[in-house]
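A short write-up of the structure that comes next.
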Amino acid sequence: MKSSEAYQPEQLEAKWYKYWMEHNYFHSEVDERKPYTIVIPPPNVTGELHMGHMLNNTIQDVLIRRARLQGYNACWVPGTDHASIATEAKVVEKLKHEGIDKSTISRQAFMQHAWEWKETYGNKILEQLKKLGASCDWDRVKFTMDQDLSESVLKVFIDLHEKGLIYKGTRMVNWDPKAQTTLSDEEIDYTERSGQLYYIKYPIVGENAFMQIATTRPETIFGDTALCVNPDDERLQSFIGKKAIVPIVNREVEIIADEQVNPQFGTGCLKITPAHAETDYVIGKKHDIEFIDCLNDDGTLNHYGQKYEGKDRFVVRKEFSKALEEAGFLLKKENYINKVGLSERTKVPVEPKLSNQWFVSMKPLVEPAIKAVLQDDSIKLFPEKFKNTYRHWLENIKDWNISRQLWWGHRIPVYYYDQNSYVVAMTEDEALEKAREKSGNHDMQLDDLQQDEDVLDTWFSSWLWPMSVFDGIRYPDNKEIAYYYPTKDLVTGPDILFFWVARMIIAGYEYRDERPFENVYLTGLVRDAQRRKMSKSLGNSPNALALIKNFGADGVRVGLLLSSAAGNDLLFEESLCQQGKNFANKIWNATKLIKGLIVDDQLEQPDYAENALNWFDQQFNATLAQIEDHYSKYRISDALMSIYKLIWDDFCSWVLESIKSTDQKIDKTTYDRLTGQLEKCLLILHPFMPFVTEDIWHQLQNRTKEEALIISQYPEHGEFDGQILQSFNVAREIIKGVRHLRKEKNIGFKKQLKLYYLTGNNKHPNQLNALIEKLAATTVPKAVDEFPGNILSFRVDSIEYAVEAEGLIDVEAEKQKLNEELRYYQGFLKGVEKKLSNDKFVQNAPDKVVDMEKKKKQDTLDKIKTIEESLSRLEV
RNA sequence: GGGCGUGUAGCUCAGUUGGUUCAGAGCAUCUGGUUUACACCCAGAAGGUCAGGGGUUCGAAUCCCUUCGCGCCCACCA
């Protein structure tokens with residue numbers, strides 16, 4: 001059966017991946033070659049391969065495989081991120097299923113469960129990457145909580161602390177009541193939610209009057225400690241300095257004034273809840289207002305909530321607003337759309353909360369990061385448009401809250417020896433030593449030390465990744481970091497430009513005084529055909545492994561890359577992968593054709609074969625130059641498209657069709673050159689489709705393991721002969737012209753046609769006659785002074801060609817067609833002449849452009865002439 | 001609210017400093033084709049007022065203004 005001979009990726013891919021691994025081709029060690037390093041954006045250790053990973057890692061693999069072929073010492077370091085909050089959430093969930101509540105077990109016990117989880121599931125995503133063909137150096141797998149990386153993290157914490165850049169402070173932070181930890185600003189998604197704006201009366205003390213306030217969060221009324229109006233608000237000025245009573249709570253609070261209050265919004269009067277809102281906090285601080293925190297860490301109300309104590313904030317909102325209404329304090333409710341910050345991980349609304357946390361002062365660190373990207377281009381962003389976002393963030397950078405109230409992660413290396421005094425140290429022993437010295441109490445014991453309960457933000461380890469994977473933090477002078485750093489390319493999504501990319505740059509300059517990478521390729525998001533984000537809840541995210549199974553890794557890789565310019569979102573459809581798979585099949589079959597040829601030493605090389613092969617050599621070089629240009633601009637999909645067309649159109653449709661013979665016999669010269677050309681195609685395609693190319697590479701010749709494609713040599717792009725390309729284009733147009741006539745007049749391909757062209761025009765590529773004869777199925781193009789009677793003509797450039805067409809000519813139709821053509825060119829000529837007779841044009845336009853216009857005029861005149869001649873022939 | 005970006009064929013996008021015959025590619029579509037690499041294919045064709053309007057210029061998809069549409073980032077008003 002034919003179908004069984006089609007390309008079957010599944011077993012082949014497994015076979016070749018194993019082969020590469022067995023021969024250690026992915027492994028890199030320091031040597032005298034130039035390094036080309038990529039560190040993987042470490043996926044979450046809990047993660048599973050999704051479309052975003054596929055895209056992103058395919059691009060990295062393309063870059064690293066190409067570098068390897070170009071003779072660089074290519075090193076792609078894989079690894080995973082401990083992802084503290086995400087992983088901890090999963091482990092908590094798992095324990096819950098087993099009937100274990102996190103709060104009932106010790107930190108130590110929890111960590112044991114978490115590590116078990118990591119050991120069991122942590123390598124899943126890396127195994128999936130192998131299926132995709134990722135040529136990572138698997139001897140170098142790193143995990144952000146490995147011993148060496150953890151020590152690096154602590155070392156940096158200690159160092160920054162010594163530099164005075166880490167401090168502990170009370171700030172309004174984002175609190176996730178479900179995970180019960182703080183979040184950084186970047187870990188919050190704002191979404192619009194329809195809620196209600198409650199208008200509430202606050203009676204004035206000693207008067208029969210009241211203030212109106214508008215709030216979306218009546219449950220925070222228990223924390224109200226002031227009311228505030230704008231000092232310039234004439235309507236409300238008279239209330240300033242008076243006291244109001246918080247309804248139901250019955251607390252007397254002062255009415256103060258501050259410019260921050262917007263008189264236009266709501267009632268113009270703001271209730272101040274300093275412990276539960278950013279603005280209120282600022283105003284509260286400024287006016288020295290009492291802080292009342294009425295919420296528990298889990299989002300329920302505390303004793304300040306009176307009878308609502310223990311109830312969730314949203315339950316209280318409902319119940320308490322009802323109570324206000326019943327007591328006559330609620331004036332009205334309005335529907336109101338406001339933006340609510342949701343925790344990225346747990347999806348619950350974030351609660352602003354006053355909290356004592358660790359921070360990094362960022363301002364003193366950012367200068368080199370601004371310079372590198374925005375001034376001297378030592379780090380390039382692709383696409384460039386992200387520079388703006390990057391600039392904006394860095395120039396307005398805020399201090400980084402790095403403490404998280406979690407267990408899974410790097411525990412903060414701070415040890416308290418009394419309420420307010422602490423030391424920072426790598427180990428307990430070191431801490432003890434320092435604490436004894438600092439306190440003067442030399443009898444202090446380990447038990448007297450209390451380590452900070454919090455762990456560090458995940459990104460506090462990720463920002464060191466390009467250095468820590470080579471152990472460049474602990475040992476700044478080690479050979480590996482000196483060799484592999486700075487890395488070459490970073491491929492990641494724009495969503496973590498601040499989280500991660502910018503911070504890596506900051507850390508790179510702070511700790512090595514050097515950029516962590518040269519180029520940052522920011523991929524777009526993978527969306528579905530309706531432009532929706534891929535998500536589990538929508539169920540629109542295809543299963544990555546199933547895709548690979550259906551279309552082959554090569555097919556999926558190509559499918560993803562064909563339509564994904566840097567920074568552009570990718571609208572994923574399976575048909576893209578189908579296109580990729582079809583391409584693999586195409587090359588597979590081209591190989592089958594070539595392998596099926598029978599070399600006959602007696603045969604001479606036919607002219608048409610030489611024509612085609614000569615042309616393809618030039619075409620290959622010209623295309624390769626284009627491809628290199630695309631790569632240099634990180635236009636990966638354009639590079640792929642160029643290769644796709646080179647192989648499919650140029651090699652298969654033109655070269656193979658040219659050399660094909662009915663008896664499958666072929667001369668040695670042609671055969672050798674043909675396989676050579678296919679091999680060059682395989683080399684440049686290999687980064688995109690590693691499996692099928694490696695397989696064919698070995699099919700074409702019996703190669704030793706040292707000759708594997710993956711470590712072979714990338715072709716240099718040489719000069720190319722424009723003349724050869726130009727002549728071939730003319731020949732190709734002639735062939736297409738004949739084919740077009742055949743189609744139009746319904747002339748079968750098997751009928752050989754007599755082909756003429758008018759003498760007097762010496763541009764016809766005589767040397768390609770054999771090729772034309774073969775591919776257009778005509779006689780050898782014959783130069784004549786005048787065409788014979790019954791012909792159909794067409795023009796290539798300004799050369800007129802004709803095939804004999806006895807009995808096929810509809811004179812009227814031909815005339816009509818020619819007249820249409822004539823009208824078009826006459827109009828065109830008019831335009832050109834008008835331009836040329838415009839003095840201003842001739843004066844102002846560069847000579848080159850004017851000459852071009854003159855040539856245009858001449859060409860058009862020539863064309864008109866031939867058309868008129870054709871017409872006059874028809875008149876006879 | 002502040003900032004950035006974007007609108008080109010049915011879809012996804014190229015289109016360098018304004019200047020070749022510049023309006024392009026891939027996919028999808030239409031027409032014809034199958035004993036001999038591939039129907040996961042071959043050959044041929046059709047598709048656009050470059051979002052609308054105005055301006056600068058000898059010349060505008062490209063530069064400027066404006067209207068409309070879309071997207072992203074930042075800050076957030078209780």
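Reckoned from all heavy atoms, side chains included, excluding hydrogens, waters and symmetry mates. Here is the naming used below: chain letters follow the sequence lines, and residue numbers restart at 1 for every chain.
There is no side-chain donor-acceptor pair under 3.5 Å between N729(A) and E733(A). Side chain to side chain, K271(A) and T220(A) meet the donor-acceptor criterion of an N or O pair below 3.5 Å. Looking at E259(A) and N230(A), their side chains never bring a donor and an acceptor atom within 3.5 Å of each other.
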**Request:** Test ring pair (Phe, Tyr, Trp, His ring centres under 6.0 Å) on F320(A) and F222(A) and set out the steps.
**Result:** CA-CA 10 Å; F320(A) 185 56; F222(A) 297 102; 4.7 Å; yes
**Request:** Please report the C-alpha distance between E821(A) and R795(A) in whole Å, then the side-chain angles of each, then the deciding distance to 0.1 Å, and finally whether the salt bridge (charged side-chain N to carboxylate O under 4.0 Å, His left out) criterion is met.
**Result:** CA-CA 11 Å; E821(A) 233 178 312; R795(A) 272 153 294 281; 3.3 Å; yes
**Steps toward side-chain hydrogen bond (donor to acceptor under 3.5 Å, both in side chains) verdict (Q212(A), K201(A))** = CA-CA 5 Å; Q212(A) 288 183 42; K201(A) 289 205 286 202; over 6 Å; no
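Stacking of R527(A) on the aromatic ring of F572(A) is not recorded, the 6.0 Å distance cut-off and the 45° axial limit not both being met. For the pair K332(A) and Y199(A), the distance from NZ or CZ to the six-membered ring centre is under 6.0 Å and the angle to the ring normal is within 45 degrees.
Pair assignment for rU35(B) gives none, since no Watson-Crick or G-U wobble pairing has each distance under 3.5 Å. The base-pairing partner of rA75(B), taking Watson-Crick or G-U wobble contacts with both distances under 3.5 Å, does not exist among the strands shown. With a cut-off of 3.5 Å on both pairing distances, rU16(B) has no Watson-Crick or G-U wobble partner at all. Judged by Watson-Crick or G-U wobble contacts below 3.5 Å, the nucleotide rG7(B) has rC68(B) as its partner.
Side-chain atoms of K743(A) and base atoms of rU31(B) include a donor and an acceptor less than 3.5 Å apart. Donor-acceptor pairing under 3.5 Å, judged by distance alone, is present between the side chain of K586(A) and the base of rC38(B). Counting distance only, with no hydrogens placed and no angle test, the side-chain atoms of Q579(A) and the base atoms of rA28(B) include no donor-acceptor pair under 3.5 Å.
Using a 4.0 Å heavy-atom distance criterion, F498(A) is classed as a sugar-phosphate-only contact. Using a 4.0 Å heavy-atom cutoff across all strands shown, N838(A) reaches sugar-phosphate atoms only and no base atom. Using a 4.0 Å heavy-atom criterion, one finds that K660(A) contacts the bases of the nucleic acid, with or without backbone contacts as well. Among the protein residues, S653(A) comes within range of the sugar-phosphate backbone only, with heavy atoms under 4.0 Å from sugar or phosphate atoms but none that close to a base. K863(A) comes within 4.0 angstrom of a nucleotide base, judged by non-hydrogen atoms across all strands.
Going from atom CG of D233(A) over to atom C1' of rC77(B) covers 15 Å, rounded to whole Å. When the P atom of rA78(B) is taken as reference, atom CG of D224(A) falls 15 Å away, rounded to whole Å. One atom, CG of L497(A), and another, C1' of rC74(B), lie 13 Å apart when rounded to the nearest Å. As rounded to whole Å, 10 Å separates atom C1' of rA43(B) from atom CH2 of W654(A). One interatomic measurement links the two molecules: CH2 of W588(A) to P of rC40(B), which rounds to 17 Å at whole-angstrom precision. Rounded to a whole Å, the CG atom of L741(A) is 17 Å from the P atom of rA43(B). Residue L656(A) contributes atom CG, which lies 14 Å from atom C1' of rC41(B) at whole-angstrom precision. The distance between atom CG of L570(A) and atom P of rG71(B), rounded to the nearest whole Å, is 18 Å.
The separation of rC27(B) from rA45(B), taken at their P atoms, amounts to 15 Å, rounded to a whole angstrom. Rounded to whole Å, the separation between the C1' atoms of rG71(B) and rA28(B) comes to 25 Å. As rounded to the nearest Å, rG26(B) and rA9(B) have P atoms that lie 16 Å from one another. rC13(B) sits 23 Å from rU17(B) when the C1' atoms are compared, rounded to a whole Å. Taking the P atom of each, rU56(B) and rU62(B) are spaced 15 Å apart, rounded to whole Å. Using atom C1' as the reference point in both rC65(B) and rU12(B), the two lie 31 Å apart (nearest Å). Only the P atoms considered, rC4(B) is 22 Å distant from rU8(B), to the nearest whole Å. A distance of about 40 Å separates the C1' atoms of rC68(B) and rU31(B), rounded to the whole Å.
Distances shorter than 4.0 Å separate none of the side-chain N or O atoms of N262(A) from OP1 or OP2 on rA78(B). The phosphate of rG26(B) has neither OP1 nor OP2 within less than 4.0 Å of any side-chain N or O from W648(A). For rC77(B), the OP1/OP2 oxygens have no side-chain nitrogen or oxygen of Y336(A) closer than 4.0 Å. The shortest distance between the side-chain N/O atoms of H740(A) and the OP1/OP2 oxygens of rA45(B) is below 4.0 Å.
For rG26(B), the O4'-C1' to base torsion is more than 90° from 0; the nucleotide is therefore anti.
Under a cut-off of 6.0 angstrom, the local environment of CG in N396(A) is crowded, with over 12 non-hydrogen atoms contributed by other residues, nucleotides or ligands. Taking a 6.0 Å sphere around CD of E334(A), one finds it holds more than 12 heavy atoms contributed by other residues, nucleotides or ligands.
For the side-chain contact (heavy atoms from CB on, under 4.5 Å) with E351(A), the lone residue among N174(A), V173(A), L295(A) that qualifies is L295(A).
Aromatic rings from F688(A) and Y644(A) are positioned such that their centres are separated by 6.0 Å or more.
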Could you go over nucleotides 1-9 of chain B and give all protein N or O partners under 3.5 Å, atom names and distances?
{"unit_1": "rC4(B)", "atom_1": "O3'", "unit_2": "N388(A)", "atom_2": "ND2", "d": "3.2"}

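Mapping T591(A) and T216(A) onto RNA chain B by nearest heavy atom places T591(A) at the nucleotide closer to the 5' end. Where T279(A) and Y644(A) each meet RNA chain B at their nearest nucleotide, the meeting point lying more 5' is that of Y644(A).
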**Prompt:** What is the per-nucleotide protein-contact pattern of nucleotides 11-20 of chain B, from the 5' end, where B denotes a base atom under 4.0 Å from a protein heavy atom, S denotes such proximity for sugar-phosphate atoms only, and - denotes neither?
**Reply:** -SSSS---BB
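The aromatic rings of Y801(A) and F794(A) lie parallel to each other, their planes meeting at an angle below 30°, with 60° marking the opposite boundary.
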